[in-house]
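Down below is the structure, laid out as structure tokens.
Chain letters run A, B, ... following the sequence lines, proteins first and then strands; every chain starts at 1.
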There are 2 protein chains.
Amino acid sequence: MPTTAQGDTDVGTPTRILDAAERIVQARGFNAFSYGDVAVELGITTAALHYHYPRKAELGRALITRYTSRFAARLKALDDASGSAQAKLDGYVGIYAQVLAQGKMCLCGMLAAEYLTLSESMQTAVREFFEHNEIWLGQVLEQGKADGSMRFTGEVEDIAKMIISGLEGAMLVSMAYGSVERFMKVAASLLASLH
Amino acid sequence: MPTTAQGDTDVGTPTRILDAAERIVQARGFNAFSYGDVAVELGITTAALHYHYPRKAELGRALITRYTSRFAARLKALDDASGSAQAKLDGYVGIYAQVLAQGKMCLCGMLAAEYLTLSESMQTAVREFFEHNEIWLGQVLEQGKADGSMRFTGEVEDIAKMIISGLEGAMLVSMAYGSVERFMKVAASLLASLH
DNA sequence: GTCTATACAGCGATAGAC
DNA sequence: GTCTATCGCTGTATAGAC
């Protein structure tokens with residue numbers, strides 16, 4: 001029997017920990033983030049946090065896997081809802097813009113900068129995020145190429161890498177300006193060559 | 001009378017501090033970097049470091065200003081040596097590739113990720129780096145447009161922002177793969193649309 | 001599952017001798 | 001200009017009571 005009644009949003013402590021940690025890490029980075037930050041926000045002690053995530057690297061790993069699976073769900077939603085390849089790409093850019101509008105980096109973009117300081121487990125999970133995105137972008141590009149709506153020279157894989165790199169970089173630089181507009185302009189220039 | 005004899009390379013302690021700190025920050029980030037790291041490498045104590053740079057934020061600021069002025073010197077060298085706009089752009093990409101080949105991020109790209117944790121003085125200096133680069137890139141693009149070697153739609157400023165964002169992002173993601181090849185492929189795709 | 005208490009290491013920074 | 005010594009704080013992590 002679950003401890004939450006019907007109608008409850010069922011946010012257990014582990015979820016609340018991940019929510020707070022995710023936001024802090026996306027804004028300030030994994031190395032500038034501490035158990036203390038989360039503890040204060042949740043009104044519990046750091047000892048309680050360690051009960052759920054004994055080591056910081058394990059918390060970090062959980063952060064990435066949840067982020068990646070949520071991201072995958074949004075990409076699937078784009079597949080289901082959007083007809084054209086262009087609409088899917090626009091939706092993809094929109095996901096990034098939403099994150100930036102909250103003053104945050106992409107979690108895995110942030111972690112890529114700190115890559116050399118991460119545990120092996122976190123490093124692997126970060127790479128998997130990028131690879132998953134590249135595969136999805138590749139499929140969208142193939143679709144656009146097949147139906148004639150997109151034109152590009154070079155391998156689909158390389159264009160996919162360019163798009164994700166370009167968007168991550170646009171987020172990165174835009175962090176220094178707190179400007180979603182800047183991000184949107186760069187994204188538009190980036191994708192303009194595909195028309 | 002200088003304390004260094006003729007023929008000495010004249011690397012004082014402040015320079016050696018900046019050299020070590022710069023490399024560590026570019027590889028691991030400002031928040032994962034400590035006075036202790038530099039002290040061990042230079043064989044002096046952290047107290048000696050504080051004599052030269054009393055506060056970490058001041059060391060950070062010095063790091064950025066030196067990096068930016070060195071970068072400016074390299075851009076000027078490209079202006080002096082390269083005739084075509086395309087050659088200048090290739091040289092620009094080459095600078096980034098050289099850094100990445102040493103397992104490092106662009107200093108200011110790294111600091112952009114940590115932006116919200118930096119002192120105001122460092123934040124300002126980071127933005128100045130990007131603005132300086134955008135101006136230079138804008139001039140190159142104008143040159144390419146004027147002599148007919150480059151074609152693009154949209155504002156020159158936006159294309160310049162796209163190029164620096166794209167290259168920074170390519171470095172960022174490539175950090176997770178330790179792959180200069182990946183970076184070069186993305187850079188090529190990024191600039192292909194200008195031909 | 002959360003608490004108090006604590007261990008222990010590392011950090012930035014300072015005082016004062018040399 | 002560099003040292004020894006030290007301070008105060010923060011960080012991750014653990015033990016054991018409740």
Where the side chain of [X] is concerned, which of [options] is the nearest nucleotide?
| X | options | value |
| --- | --- | --- |
| T45(A) | dG1(D), dC3(C), dC3(D) | dC3(C) |
| A48(B) | dA5(C), dT2(D), dA15(C) | dT2(D) |
| I44(A) | dC3(D), dT2(C), dA5(C) | dT2(C) |

Would you verify whether the NZ or CZ of [X] falls within 45 degrees of the ring axis of [Y] while also being under 6.0 Å from that six-membered ring's centre?
| X | Y | value |
| --- | --- | --- |
| K161(B) | F130(B) | no |
| R28(A) | F33(A) | no |
| K76(A) | F71(A) | no |

- [ ] Give a yes/no answer on whether the side chain of Y51(B) brings an N or O atom under 4.0 Å of OP1 or OP2 in dT2(D).
- [x] no
Whole-Å distance between [N] [atom2] and [X] [atom1]?
| X | N | atom1 | atom2 | answer |
| --- | --- | --- | --- | --- |
| R16(B) | dG1(D) | CZ | P | 14 Å |
| Y53(A) | dT2(C) | OH | P | 12 Å |
| H52(B) | dC3(D) | NE2 | C1' | 12 Å |

Open item on the list: Base, sugar-phosphate or nothing for G43(A)? Non-hydrogen atoms, less than 4.0 Å.
Closed with: sugar-phosphate
Task: CH2 on W136(A) to CG on D79(A), rounded to 0.5 Å - done: 6.0 Å
Task: Lys/Arg N to Asp/Glu carboxylate O, E134(A) vs R182(B), below 4.0 Å - done: yes
Open item on the list: If the threshold is 4.0 Å, N to carboxylate O, is there a salt bridge linking D19(A) and R23(A)?
Closed with: no
Task: Main-chain N/O of K56(A) paired with Y35(A) side-chain donor or acceptor, under 3.5 Å - done: yes
Task: Helical stems, DNA chain C - three or more consecutive Watson-Crick or G-U wobble pairs below 3.5 Å - done: C:1-18 with D:1-18
Pick out the pairs of N or O atoms, protein on one side and nucleotides 8-12 of chain D on the other, that lie under 3.5 Å.
| from | atom 1 | to | atom 2 | distance (Å) |
| --- | --- | --- | --- | --- |
| dT12(D) | OP1 | F33(A) | O | 3.3 |
| dT12(D) | OP1 | K56(A) | NZ | 3.2 |
| dT12(D) | OP2 | Y35(A) | N | 2.9 |

Open item on the list: With a 6.0 Å cut-off (strictly less than), is the heavy-atom count around CZ of R66(B), excluding the residue itself, greater than 12?
Closed with: yes
Open item on the list: To check you understand the geometry: which heavy-atom pair defines the closest contact between A20(B) and E41(B), and what is its length?
Closed with: CB-OE2, 3.6 Å
